[in-house]
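Please read the structure below before turning to the comments.
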Number of protein chains: 2
Amino acid sequence: MVDAEDLETLASAEPVSDDEADGRKRRGNATRESILQAAADLASVEGLEGLTIGRLATELGMSKSGLFAHFGSKEELQLATIAAARRRFVDHVVRPSRSLPRGRARLEALLEDWLRYFRAEVFPGGCFFCSVKAEFDSRPDNAVREIVTEDMRQFLAFLEREIAKAQEAGELDPSVEPAQLAFEFDALGSAANQQFQLMHDRTVFDRAATGMRARLGSA
Amino acid sequence: MVDAEDLETLASAEPVSDDEADGRKRRGNATRESILQAAADLASVEGLEGLTIGRLATELGMSKSGLFAHFGSKEELQLATIAAARRRFVDHVVRPSRSLPRGRARLEALLEDWLRYFRAEVFPGGCFFCSVKAEFDSRPDNAVREIVTEDMRQFLAFLEREIAKAQEAGELDPSVEPAQLAFEFDALGSAANQQFQLMHDRTVFDRAATGMRARLGSA
DNA sequence: CCTACCGATCGGTAGG
DNA sequence: CCTACCGATCGGTAGG
């Protein structure tokens with residue numbers, strides 16, 4: 001399903017086409033992207049259903065129908081907002097550690113970047129994907145639910161690959177199943193995000209980091 | 001803040017007054033409770049904002065204003081729904097293991113009951129409190145947010161006490177900080193609920209149980 | 001991108 | 001507990 005060497009789905013965005021001379025489309029894309037980044041901020045606080053076209057329009061100083069014209073429906077706006085949020089997530093969590101050689105140091109850097117992303121409130125309402133997953137997790141036959149589920153699967157698979165590479169490098173206990181460890185890392189990080197949003201107590205990040213360190217072990 | 005011997009806030013419900021002869025109030029309370037249990041089911045799927053008075057009324061075969069008359073406002077309905085959901089949570093998770101003597105066996109029973117509560121979908125949309133915490137975690141000055149935060153604190157404190165008692169009994173490694181262990185148990189259980197709701201894959205409960213067993217250790 | 005509008009639904013009220 | 005209603009807001013459309 002997910003190629004071991006391939007993070008393209010997680011890391012790719014719709015490419016900005018560059019083969020037309022006039023700046024109209026580019027400006028259009030820039031407008032669209034700024035709309036979607038504002039939408040992602042709003043949705044991380046209010047949810048993707050609470051993200052209403054009227055409210056977003058007011059916030060952007062646009063008319064409702066002017067904004068609506070960029071998308072065909074509320075669901076299209078929701079899906080485009082998820083794609084924009086994914087770009088921001090990749091920039092803050094997935095990409096930075098990719099320049100490091102594979103192995104334990106890179107895995108640790110990834111986990112640190114992930115906790116930093118929560119702590120810095122890269123989205124004003126905490127992790128966008130944590131919010132949306134909880135909001136849509138029990139709605140059957142919903143496109144939003146399906147795409148965030150696939151995103152979660154990919155993130156878990158991504159963690160798994162980094163864990164396996166650290167094991168292959170002999171820098172991590174090979175007796176631990178990568179999928180089990182990925183589950184536990186995801187649990188610790190997600191719980192820290194949730195509790196931080198509720199309690200505004202940054203010591204939860206120390207708890208998550210402590211838990212992760214214990215799972216990584218000393219060698 | 002929370003007395004070590006006291007689970008009253010977590011376990012108590014508004015007592016049903018019994019000192020009046022006529023059954024009107026009792027019937028009223030029964031009606032109210034059935035409304036609120038339906039409300040809790042609905043909210044676990046749609047969220048506490050998605051729980052609209054009109055929808056709940058339709059589901060119960062009542063008029064909107066007839067239902068509304070039981071509560072003064074939507075916020076009152078939300079708070080009463082939380083109290084009803086708390087009763088169900090206590091019945092399934094908190095209460096059963098309380099008949100066991102304090103110690104490791106009781107802690108393990110509690111964790112098993114908690115996972116069973118997720119697995120059995122005691123609420124149709126998964127854990128009511130997991131949903132509501134995520135929905136309200138980034139809304140400032142909100143009564144719902146404050147009460148579910150307090151409920152979470154109490155549940156964590158409850159886990160902590162059970163952990164400490166198992167340590168005092170010499171049945172659990174005393175070098176682990178109870179609050180750290182409670183954080184990790186909460187993380188593992190919450191992640192299992194979330195992933196089960198999204199993926200409908202019951203192996204996540206094995207992952208959570210495996211993680212918990214590893215944290216409990218062999219002695 | 002706008003104004004002007006649509007039917008449906010929201011939380012809530014009046015009056016019984 | 002009901003019918004009948006309120007103003008506000010929802011997603012969405014017509015027409016420019």
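Lettering of chains follows the sequences in order, A, B, ..., and the numbering in each one begins at 1.
Aromatic pair B/Phe205/B/Phe196: ring centres closer than 6.0 Å.
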Could you pull out every donor-acceptor pair under 3.5 Å between side chains of residues 58-67 of chain A and any protein atom, sequence neighbours left out?
from	atom 1	to	atom 2	distance (Å)
A/Thr58	OG1	A/Gly54	O	2.9
A/Ser63	OG	A/Gly66	N	3.0

Can you give the donor-acceptor pairs under 3.5 Å from side chains of residues 115-126 of chain A to other protein atoms, not counting sequence neighbours?
from	atom 1	to	atom 2	distance (Å)
A/Arg116	NH1	A/Asp113	OD1	2.6
A/Glu121	OE2	A/Gln197	NE2	3.2

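Of all the residues in residues 133-140 of chain A, not one reaches under 4.0 Å from DNA chain C with any non-hydrogen atom.
Pairing each heavy atom of A/Ser190 with each of A/Trp114, the nearest pair is N-CH2, 4.0 Å. The heavy-atom pair separating A/Met212 from A/Leu111 by the smallest distance is SD-CB, 4.1 Å.
The backbone N or O of A/Arg55 sits less than 3.5 Å from a side-chain atom of A/Thr52, completing a donor-acceptor pair. With B/Glu160 contributing its side chain and B/Ala182 its backbone, the two residues share no donor-acceptor pair below 3.5 Å. Of the possible polar contacts, one joining the A/Ser34 side chain to the A/Thr31 backbone as a donor-acceptor pair under 3.5 Å is found.
Between A/Phe158 and A/Phe155, the two ring planes are tilted [angle within 30° to 60°].
The salt bridge (Lys or Arg N to Asp or Glu O under 4.0 Å) analysis of residues 127-142 of chain B, with sequence neighbours excluded, yields the pairs B/Glu49-B/Arg139.
Among the duplex regions that DNA chain C forms, those built from at least three successive Watson-Crick or G-U pairs under 3.5 Å are C:1-16 with D:1-16, ordered by first number.
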Taking protein heavy atoms under 4.0 Å as touching, what does nucleotides 10-16 of chain D look like 5' to 3' if B marks base contact, S marks sugar-phosphate-only contact and - marks none? SBBB---
